[in-house]
Each structure stands twice: as structure tokens, then as C-alpha cells.
Amino acid sequence: MPELPEVEATRRSFVDQIVGAHIVSVRMGKPLRWPLGCSVESLVGRRVLGVRRRGKYLLLDLDQGLLLVHLGMSGSLGFFKAQPHPGAHDHCDVHTTQGVLRLHDPRRFGAVVYAAGEAAPAAQKLLGKLGPEPLEAGFDLARFHATLCQRRVPIKQVLLAGDAVVGVGNIYASEALFRAGIRPTVKASNLSRRRAEVLYQAVREVLTQAVEKGGSTLRNFSNANGEVGHFQMQANVYARAGQPCRVCGTLIRLIRQGQRSTFFCPHCQKS
DNA sequence: AAAAGCCCCTGGATGC
DNA sequence: TGCATCCAGGGGCTTT
């Protein structure tokens with residue numbers, strides 16, 4: 001369940017260690033969600049110029065092309081100075097002159113994809129339809145509200161869809177709606193401009209706090225240095241069904257929306 | 001164009 | 001103790 005905060009925490013945990021490194025070799029394990037899109041040999045000798053994040057994707061900029069990394073829902077990256085023996089769920093090792101970047105992903109919903117450039121079809125297929133970044137200046141309230149107005153489905157599902165805003169997954173959608181005092185079942189197009197603004201701010205605040213806490217570690221997420229996140233300790237609703245709301249004491253409820261669980265407080269999120 | 005459902009995968013929890 | 005079943009869910013894809 002890596003969402004924006006977990007992906008950003010991961011990025012920060014290894015960017016300084018890998019920048020400037022040259023790729024020595026690449027080992028792929030079992031098939032991931034998508035094929036690499038190039039031969040491993042063709043990556044040898046390339047230099048890592050930087051690591052960026054777009055939504056839940058990490059972009060490793062190379063001196064020629066880039067690697068798109070997605071953690072899926074069970075993926076995590078590790079950066080090791082010495083080469084560790086690969087385990088059963090280590091499906092991609094990028095050996096560099098400064099260490100080994102490893103993707104560990106038991107469920108293999110993750111992916112490592114090569115693209116010749118950000119505008120290349122391989123990259124555009126994954127990045128082309130992504131909405132605005134919530135923590136950047138380009139996240140525009142008017143545009144956010146306009147997108148909500150077009151959607152007749154529950155607001156929770158719009159937050160997950162990735163066109164109004166990127167990086168919000170199942171945990172932070174529930175948390176942001178709690179913070180905004182909005183019931184997850186409300187039709188997105190029914191939200192007033194004022195309530196859209198409250199939600200817009202709530203999304204930014206929740207994600208910002210989560211990034212500061214290093215993300216959430218519910219099962220086994222850790223950043224590239226093996227450090228876990230701590231935001232789950234302050235989750236108000238996620239995974240708290242049947243427990244009292246931290247604000248009003250009402251029992252947190254669990255419902256299903258689009259085959260996913262949603263948590264909310266019936267009292268704090270009346271409509 | 002929007003919406004709903006499918007499907008990829010495996011570890012962990014639950015039930016008998 | 002063991003086996004079957006269910007659930008977790010990101011997100012592209014297909015179908016309605």
C-alpha cells in the first residue's frame with residue numbers, strides 16, 4: 001500500500017546514495033507487472049542523474065533514458081552497500097558503483113520499466129493521464145473543484161482515481177475525508193466549492209504530515225534504508241473499525257466502496 | 001466520456 | 001496440524 005508518502009519517503013532515503021552512480025549490472029527475478037522494456041545489458045554503464053517522484057511512481061533519471069519504478073502494493077526498495085543474496089521475493093537488483101538498489105515485492109504488483117525519455121510512449125502510457133501533484137504549486141483549487149463537479153461517483157472513489165489528484169490511496173483517502181469532515185459516500189459533484197476547498201487542504205495536510213512521519217507501515221513497508229514509517233500511529237480512521245473516534249468517541253465504521261474498504265466516523269463525517 | 005467490474009499476485013488471518 | 005477460503009489493494013484494461 002505504498003501511497004505518495006511512502007514513495008516519497010523511499011525516494012528521500014536513497015537519492016543521495018545513488019546519484020552519480022554507474023550501473024554495473026541488472027538482475028531481474030520473477031516477472032513483475034510489466035516487462036522491463038529493454039535488455040538488462042543495455043543499461044550497463046548508464047549513470048544515475050537523479051531520482052524524482054510522480055504520483056506513486058519513482059523516476060530514476062539516467063544519462064540516457066529513465067527507469068520508472070512502481071511499488072504496487074507490497075513493494076519496497078532497499079539500497080545496500082554490499083551485495084546481499086537475493087531472496088525469493090527480490091525481483092530486481094540494480095547493481096551500481098555505489099551500491100545495489102533492490103526491489104522486494106512479494107505480490108509482484110510492482111514494476112520497473114525503462115523508457116527512452118519522459119515523452120516516450122513507454123513513459124507516457126504510465127504517466128500521461130496522471131492528475132496534479134497535491135504538494136506542488138500546480139495543485140489548483142479551481143481545477144480540483146471542477147474535476148469533482150464532473151464526477152457523479154462517491155468522493156472517496158474520485159480521490160482514488162488519480163485524475164483530480166495523484167498519490168492518494170486507500171489509507172490517505174479515508175484520512176483526508178475524516179479531516180475534512182466529509183462522508184466518503186457523498187457524490188463528488190454535490191460538494192460545494194467551500195467543501196472542496198476544505199478537502200483540498202485536508203489532502204495536502206494529511207499527505208504532508210505522513211511524509212514527515214516517513215509514511216505508514218501497516219504490514220512491512222520500509223524505506224530504502226530499512227526504516228519503517230510511523231504515520232499509522234496517528235491514523236484517525238483507517239483500520240480502526242469498531243474503535244472509538246479520537247475526536248468524539250463514536251465507533252468508527254467500515255464500508256465497502258468499489259471493492260475497497262473505507263473507514264469513517266459517522267458523527268464527525270455526517271454528510 | 002463516465003462508470004463498473006476484472007484481474008494480476010501471495011502472505012496472513014480465519015474457519016472448520 | 002492442515003487445508004480451504006477470504007482478504008489486502010494499485011491501477012490499467014475491458015465492457016457496459
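- As rounded to whole Å, 21 Å separates atom P of B:dC7 from atom CG of A:Leu32.
- Rounded to a whole Å, the CD atom of A:Gln257 is 14 Å from the P atom of B:dA3.
- Checking each of A:Arg54, A:Lys56, A:Arg12 against A:Val7 for a side-chain contact (heavy atoms from CB on, under 4.5 Å) leaves exactly one that passes, namely A:Lys56.
- Rounded to whole angstrom, the span from the OH atom of A:Tyr172 across to the P atom of C:dG10 amounts to 11 Å.
- If you take NZ of A:Lys30 and P of B:dC9, they are 10 Å apart, rounded to a whole angstrom.
- For A:Arg107, counting side-chain heavy atoms from C-beta on, the closest listed nucleotide (C:dG10, C:dC7, B:dT10) is B:dT10.
- Rounded to whole Å, the distance from CG on A:Leu71 to P on C:dG9 is 16 Å.
- Contact annotation: the side chain of A:Arg193 approaches that of A:Leu141 to within less than 4.5 Å [non-hydrogen atoms, C-beta and beyond].
- Residues A:His267 and A:Cys245 have side chains not in contact (no heavy-atom distance under 4.5 Å, counting atoms from C-beta outward).
- Backbone-only engagement by A:Ser261 is indicated by non-hydrogen atom pairs under 4.0 Å involving sugar-phosphate atoms exclusively.
- Going from atom CZ of A:Arg256 over to atom C1' of C:dC7 covers 8 Å, rounded to whole Å.
- The CZ-P distance, from A:Arg108 to B:dC7, rounds to 18 Å in whole Å.
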> What string of B, S and - do you get for nucleotides 11-16 of chain C, 5' to 3', if B is base contact, S is sugar-phosphate-only contact and - is no contact with any protein heavy atom under 4.0 Å?
Replying inline: BSS---
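- When side chains are defined from C-beta on, A:Phe221 counts as touching A:Thr10, because their heavy atoms get closer than 4.5 Å.
- Screening A:Arg260, A:Glu175, A:Lys156 against A:Asn170 for a side chain to side chain donor-acceptor pair (under 3.5 Å) leaves a single residue, A:Lys156.
- The listed nucleotides are B:dG5, B:dA3, C:dA8; the one nearest the side chain of A:Gln259 is B:dG5.
- Classification of A:Asp63 and A:Arg47 as a salt-bridged pair fails, no side-chain N sitting under 4.0 Å from a carboxylate O.
- If you take CD1 of A:Ile155 and P of B:dA3, they are 12 Å apart, rounded to a whole angstrom.
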